[in-house]
Every structure is written in C-alpha cells, then in structure tokens.
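For reference, the structure discussed in these notes is given below.
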Amino acid sequence: MNRKLSKKFIPTPPILDTDGIKYTPLGKASAFKHNPENSFQKNSEPYYNIHTNEVNNYINIYFNNLAISSTPDFISSPEVIKLIKKINPRKTTCSGGVPNKAIRMLTFNAVTRLTRIFNKFLIIQHFPDAWEIAHVLMFPKPNQKRKFPGSYRTISLLSNIGKLYEKILLKRRNDHCYTNNIIPDEQFGFRDKHSCTHQLLRVTNKIVQGFNVKHYTGGVFLNVRKAFDRMWHNGLIVKLIKYQFPEYLVKIIQRFLSNRSKLIKSFPQLATSKQERLKAVPSSPASTIFSTVTSLATTKTLTASLPTTQSSSHRVQ
C-alpha cells in the first residue's frame with residue numbers, strides 16, 4: 001500500500017501522430033494504435049500463391065469434414081486446483097476481469113463448476129471471444145522522447161480465467177508433442193527445463209569436439225523478423241493437422257488464433273468512459289503462453305531439412 005501511495009504519477013504529454021498532435025485521450029489512443037497495428041500486418045514479400053491456395057483448400061476440407069463428437073481429454077478438478085495454486089496472486093488482469101487473488105480463494109464447489117465450464121468448451125471445441133481481447137497499457141521507454149508513439153512499450157493484459165484455460169490446453173498440446181517427438185531435440189526455447197544457457201553449452205561442446213579432432217566448425221544464425229507478430233496462421237494449422245493433433249485441439253487453436261483484438265487503454269486516470277479511452281486493433285497472440293509454445297511445432301520442419309553433422313576432410317593446420 002505504501003508503494004502505491006508513494007508512486008509518482010507522470011502525465012503523458014501530447015502525442016505526435018501522422019496527422020498532427022493529439023491532446024485528448026481518444027486522440028492519443030488512436031495515435032498509439034498505429035504502432036502495433038503496423039506490426040500485425042501481413043508480410044509484404046511476394047508469396048507462392050499456388051501453395052497458399054493449396055493450404056487454404058486443405059484447411060477448408062478438414063474443417064468441413066470435422067466431427068464435433070470427437071472425445072477430448074477432459075479436465076479434472078484436481079488439475080484445475082493444481083494450476084490455481086501456481087498462479088501469482090499479485091499479477092494484474094484486464095479491466096473487468098477476475099483478479100488472481102480472487103481465483104486463489106475459490107471454494108471447491110466453485111472450482112468444480114469452473115471445471116465443468118472448461119470441459120464444455122472442450123466438447124464444443126470453443127474458445128470464448130472475451131478471452132481473446134487484450135487490454136494494452138503503454139509505458140514510456142527510458143531516454144526516449146515521449147511525444148512519439150514509438151517511444152512507448154506495450155504490456156498486454158488478458159483474462160486470468162482465459163489464461164488458466166490456455167494452460168490446460170497447453171498441457172494437452174505438450175503431451176501430444178512429447179509423445180510423438182514433434183519438437184526436435186535442438187529446440188531449447190519455450191521448453192520446460194531448457195534455457196539459453198543449455199543451448200550455449202551444447203554449441204560450445206560441438207565447437208570443442210571439432211577443435212579436438214582439428215575440424216572446422218561452421219554456424220548459421222537466422223533472425224526471423226516479427227516471427228510471432230506476422231505468423232502465418234493457416235500454415236500453422238496445417239502443421240498441427242499433419243502432426244495428427246487431436247481434432248478438438250486443432251479446432252480450438254484455430255478458434256483461438258482468429259478474430260483477436262487489442263484494446264489500447266490510453267489514460268484510465270483521465271477518462272472515465274470506455275469508449276473514450278479504448279481503441280481496438282488487430283492482434284497476434286504471440287505474447288501468450290499457449291500460442292508462443294504452439295509455434296514450436298513449426299521448427300521441426302526447419303531442423304529436419306538441415307543435414308546431420310558429418311566429419312570434414314578439411315583440418316585445421
């Protein structure tokens with residue numbers, strides 16, 4: 001409480017937009033909207049239209065023949081209770097959402113009813129629209145001119161109940177990946193008990209092994225620009241289908257990736273009307289736990305196309 005009372009409030013100055021300076025909360029929200037809106041656009045590079053059409057047709061045929069009667073892996077109350085115990089009660093939520101502190105205090109009867117709701121969503125292969133909306137807060141970057149929209153970083157707030165549902169789906173997705181060896185051993189990011197340190201240690205060991213036998217060791221490093229913001233959703237869905245993910249998971253993930261949006265919360269302290277301070281923009285769900293790990297399935301194709309390590313005839317003299 002003392003930290004909240006002593007925290008200094010710094011008002012946001014007028015924001016310079018493409019059509020002039022914005023002074024009102026609605027104008028500032030509109031200016032802030034353009035920066036993430038540009039990030040979530042499709043790539044401008046030319047596409048192979050024949051392949052794109054084949055993928056779209058493949059998805060349409062799959063979902064047209066998809067039966068809603070497929071049996072999902074149902075959720076149990078102890079599983080939900082275990083996840084609830086792990087959530088941080090101090091983390092905030094989107095406006096109008098249920099705080100984590102309240103979720104931690106749910107009775108067993110309330111958790112049972114929540115479990116029934118989750119199981120019903122699995123049966124009908126559904127992800128609620130309200131849980132797809134992210135409320136975005138804008139925070140100024142250090143040593144940046146605060147009048148430019150690009151000088152602010154974004155924090156997206158999602159529904160805590162929705163994130164709980166995502167973690168439940170994530171466990172089922174991970175179980176399928178590990179059982180069928182979908183995620184390659186070379187992938188260390190976004191995996192349990194794997195970190196960047198372990199990957200660096202693995203690469204270092206490869207280099208040392210090469211030095212020991214006087215071989216050259218080459219490395220190729222790829223930096224994919226806006227990999228999550230501009231992820232090809234239909235391409236990811238086709239990967240999930242070909243890796244034989246359960247039908248209910250494929251449908252829920254497809255529903256999860258579609259019709260997402262962000263609400264720019266410009267200045268709740270200065271504006272009391274939602275319509276004045278919120279502005280919707282298209283969104284990619286890469287910032288969430290569930291969608292970030294879902295994209296790992298696409299790395300198998302890249303690593304599978306790479307040649308295995310072979311001894312070289314060229315030695316270091």
Side-chain angles (χ1 to χ4, degrees), residues 63 66-137 155-179 190 192 233 237 240 245-263 265 268 274 278 280 283-295:
F63 284 120
L66 186 64
I68 201 171
S69 59
S70 59
T71 304
D73 183 8
F74 287 115
I75 307 162
S76 63
S77 296
E79 180 182 357
V80 177
I81 293 174
K82 185 178 179 180
L83 290 174
I84 289 177
K85 288 181 178 180
K86 293 181 179 180
I87 62 178
N88 186 353
R90 301 183 62 180
K91 281 194 173 183
T92 185
T93 184
C94 61
S95 60
V98 181
N100 280 339
K101 186 178 294 186
I103 296 177
R104 290 284 298 268
M105 299 175 66
L106 289 177
T107 63
F108 182 78
N109 288 337
V111 173
T112 301
R113 292 182 180 274
L114 184 62
T115 304
R116 292 176 181 174
I117 294 175
F118 289 155
N119 283 328
K120 187 63 177 179
F121 287 157
L122 293 181
I123 294 174
I124 64 175
Q125 303 168 0
H126 180 64
F127 198 97
D129 293 337
W131 294 350
E132 298 183 34
I133 300 176
H135 292 245
V136 180
L137 301 178
I155 299 294
S156 298
L157 302 179
L158 293 166
S159 167
N160 288 331
I161 299 293
K163 287 191 287 186
L164 194 63
Y165 184 46
E166 287 181 26
K167 292 178 181 179
I168 292 170
L169 296 173
L170 174 61
K171 181 182 181 301
R172 282 144 181 78
R173 194 212 66 92
N174 282 343
D175 291 343
H176 182 84
C177 286
Y178 295 138
T179 302
F190 311 111
D192 291 338
H233 291 172
I237 295 299
L240 299 180
F245 277 79
E247 294 178 350
Y248 76 95
L249 269 184
V250 175
K251 180 60 179 179
I252 293 176
I253 292 174
Q254 189 271 341
R255 182 70 181 81
F256 174 79
L257 294 173
S258 62
N259 301 322
R260 300 186 65 88
S261 64
K262 290 181 180 287
L263 296 177
K265 292 185 63 175
K274 252 186 189 179
L278 301 180
S283 167
S284 172
S287 59
T288 61
I289 301 172
F290 175 50
S291 57
T292 302
V293 184
T294 299
S295 64

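Quick caveat, the model's predicted, so the values are computed rather than measured.
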The criterion is side chain to side chain contact (heavy atoms under 4.5 Å, CB included); which residues satisfy it with T179, sequence neighbours excluded?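 In terms of side chain to side chain contact (heavy atoms under 4.5 Å, CB included), with neighbours along the sequence ignored, T179 is linked to no residue.
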[Y] and [X], any side-chain heavy atoms less than 4.5 Å apart:
X    : Y    : value
T112 : R116 : yes
L122 : I252 : yes
I237 : F63  : yes
I87  : I103 : yes
E132 : R255 : yes

I'd like to know if the side chain of R172 and the backbone of L249 have a donor-acceptor N/O pair within less than 3.5 Å. no
Quick one: [atom1] on [X] to [atom2] on [Y], what's the gap to the nearest 0.5 Å?
X    : Y    : atom1 : atom2 : value
I123 : Y248 : CD1   : OH    : 11.5 Å
K101 : N160 : NZ    : CG    : 12.5 Å
K167 : I84  : NZ    : CD1   : 10.5 Å
T115 : F74  : OG1   : CZ    : 12.5 Å
K86  : L83  : NZ    : CG    : 6.5 Å
Q254 : L240 : CD    : CG    : 11.0 Å

Stepwise side chain to side chain contact (heavy atoms under 4.5 Å, CB included) check, F127 with L257: CA-CA 10 Å; F127 198 97; L257 294 173; over 6 Å; no
In sequence, state the C-alpha distance, the side-chain angles, and the governing distance for I161 and L114, and then conclude on side chain to side chain contact (heavy atoms under 4.5 Å, CB included). CA-CA 9 Å; I161 299 293; L114 184 62; 4.1 Å; yes
Is it the case that more than 12 heavy atoms not belonging to R113 sit under 6.0 Å from its CZ atom?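 No, not enclosed.
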Please report the closest heavy-atom contact between [X] and [Y], naming both atoms and the distance.
X    : Y    : value
R173 : F245 : CG-CE2, 3.5 Å
S77  : F108 : CB-CE1, 4.3 Å
F256 : E166 : CE1-OE2, 3.6 Å
I75  : N119 : N-OD1, 2.6 Å

So, using ring-ring contact (aromatic ring centres under 6.0 Å, His included) as the criterion, who are the partners of F121 when residues are at least two apart?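 Per chain and number, F121 pairs via ring-ring contact (aromatic ring centres under 6.0 Å, His included) with H126, W131, Y165.
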